[in-house]
Amino acid sequence: RRGVRPLIETTELTVLQLTPNLEVGGAQETVLMVAKYLPRSGCRTVVGTFADGPLRAEIARLGIPVEVLPGRRHSIVALPRFLAEMVRLRRRLVWVVETHQVDVILTQGLGTLDFLVMTLRIWTGSSVPRPQVWWTIQNSAFMVRREHLVRYPWLLRAKQFSHRLLYRAGVRLVNGVIAVSDETARSFRETVGHVDDAVTVVCNAVDIERYPASIDRQALRAQLGFEPQDHVMTMVGTFKRQKGHTYLLAAAASVTGQLANLHIVLVGDGELAEDVRARVAGLGLGGRVHLLGTRRDVPELLAASDSFVLPSLWEGLPVALVEAMASGLPVIATDVSGTSQVMVAGVTGWVVPPADVGALARAMVELVSDPARASAVAEAASARAADFGAAAQAEQLVGLFLRERPLAVRQKMPVSWRAA
């Protein structure tokens, strides 16, 4: 028998963020930032994830509930099992919505699971009103790619076609699509088509309060094994094809003769980590390229660095780049989606074409060889980064949510209530 549900009146919205996992990465850092700043704008926040990870502890320390949902195990190739799994996942999502009295669901790059969440706009099967659903598109290359289909690469075209149709139909059901940059919005519109005004740009942001970090710079550099005269150029990014590590290593190999004190620090981990290590050894860069693995002291590492590089092949809006700019570092980045929105070529740093080893190498030489120019662009970059603060991002999101339910006063159960 269910207990009595005491009702309270509130204008406060409860927002459920759904993310594929809580590993360390740009999209996941966005989840952390939104979870931290939405409450400051008057929203309760819950995080749901389909795979646990190290960021869970940091979110929990903020006092934010975290629900770990069952992960996907079956492909659509095994249709009966796939459908049964989707039914179970949907029931679990409805339970989370009901338990936490969720008003808004904000997905963060879920891919196929975006379409499952979309169905909550039709029917929840519970007494809880249907929540708002907002899809977040975190990347300009948001469609399913070959590397996503390791076991069934022959499904690629069929999945791309079906996803395109589902996105096109889905924009009529969900409350809206949030793109993290202008280029990401353009890519979504061009790829999906017929989305009208469903797409809104809310740029990814960083916790400006943490940058630049206050540290004993020389002590940390010494701890990492660097001399005062060394130039430390850092890259933060998951080890995957998108991030362009291969091109950075090739460029580094070509400039070692000119830049005797240049050291490249790679922060992160991922599927290509062993390949990167092998390339470092093969290019003879063992003493010049340093792999630190996953670190949670990125603000401190950036404060101890002399510059930053991001050789991505595509992006949404790279959080690591804005963090480096907020740290007051001169930066080199490729002219890809999101990056081109953050950077002003020649003013806030060096912008080079993606996959262009020669251009990347020339930018590295120019940055290291011209400290005065590097200092000037670093100052401009720091000022530019202030436009991408997490507080402004949270306010934009809340404005979207309230636009769908302006000045609504809802009767809700206290969140401490549970079925008796």
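Nothing here was measured: the structure is a model prediction, and the numbers come from that model.
Here the side chains of Leu89 and Arg72 are in contact, with some heavy-atom distance below 4.5 Å. Two residues are said to be in side-chain contact when any heavy atoms from C-beta on lie closer than 4.5 Å; Pro228 and Arg221 fail this criterion.
To the nearest 0.5 angstrom, Ile59 atom CD1 is 9.5 Å from Arg56 atom CZ. Between Thr45 atom OG1 and Ile64 atom CD1 the span is 5.0 Å, to the nearest 0.5 Å. Atoms CG and CD, on Leu13 and Gln101 in that order, are 12.5 Å from each other to the nearest 0.5 Å. Note that OG1 of Thr334 is 9.0 Å distant from CG of Leu321, once rounded to the nearest 0.5 Å. In this structure, Leu310 CG and Leu248 CG are separated by 9.5 Å, a value rounded to the nearest 0.5 Å. Between the CZ atom in Phe115 and the OG1 atom in Thr119 there is a gap of 12.0 Å [rounded to 0.5 Å].
Looking only at atom types and distance, the side chain of Ser181 has a donor-acceptor partner in the side chain of Thr184 under 3.5 Å away. For the residue pair Ser305 and Thr234, a side-chain donor N or O sits within less than 3.5 Å of a side-chain acceptor on the partner. Side-chain N/O atoms of Glu190 and Ser187 include no donor and acceptor closer than 3.5 Å. In this structure, a donor-acceptor pair under 3.5 Å is absent between the side chains of Tyr247 and Asp356. With 3.5 Å as the limit, one finds a donor-acceptor pair spanning the side chains of Gln17 and Gln108. Gln28 and Asn21 share a side-chain donor-acceptor pair at under 3.5 Å. In summary, the side chains of Asn175 and Glu404 do present a donor paired with an acceptor at a separation below 3.5 Å, with no hydrogens or angles considered.
Residue Gln160 places its CD atom among more than 12 non-hydrogen atoms of other residues, nucleotides or ligands, all under 6.0 Å distant. Residue Arg296 places its CZ atom among more than 12 non-hydrogen atoms of other residues, nucleotides or ligands, all under 6.0 Å distant.
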Start with the C-alpha distance between Glu366 and Arg362, add both sets of side-chain angles, then the distance that settles salt bridge (charged side-chain N to carboxylate O under 4.0 Å, His left out), and finish with yes or no.
CA-CA 6 Å; Glu366 289 176 15; Arg362 288 190 294 274; 6.0 Å; no
Evaluate side chain to side chain donor-acceptor pair (under 3.5 Å) for Gln138 paired with Asn204, printing each intermediate quantity in order.
CA-CA 9 Å; Gln138 283 283 354; Asn204 275 345; 3.0 Å; yes
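Of the options Arg288, His290, Glu227, a side chain to side chain donor-acceptor pair (under 3.5 Å) to His263 is made by His290 and by none of the others.
Looking only at distances, no side-chain donor or acceptor of Thr238 sits under 3.5 Å from a matching main-chain atom of Gly270.
A parallel orientation is assigned to the rings of Phe239 and His245, their planes being inclined by less than 30° (bins at 30° and 60°).
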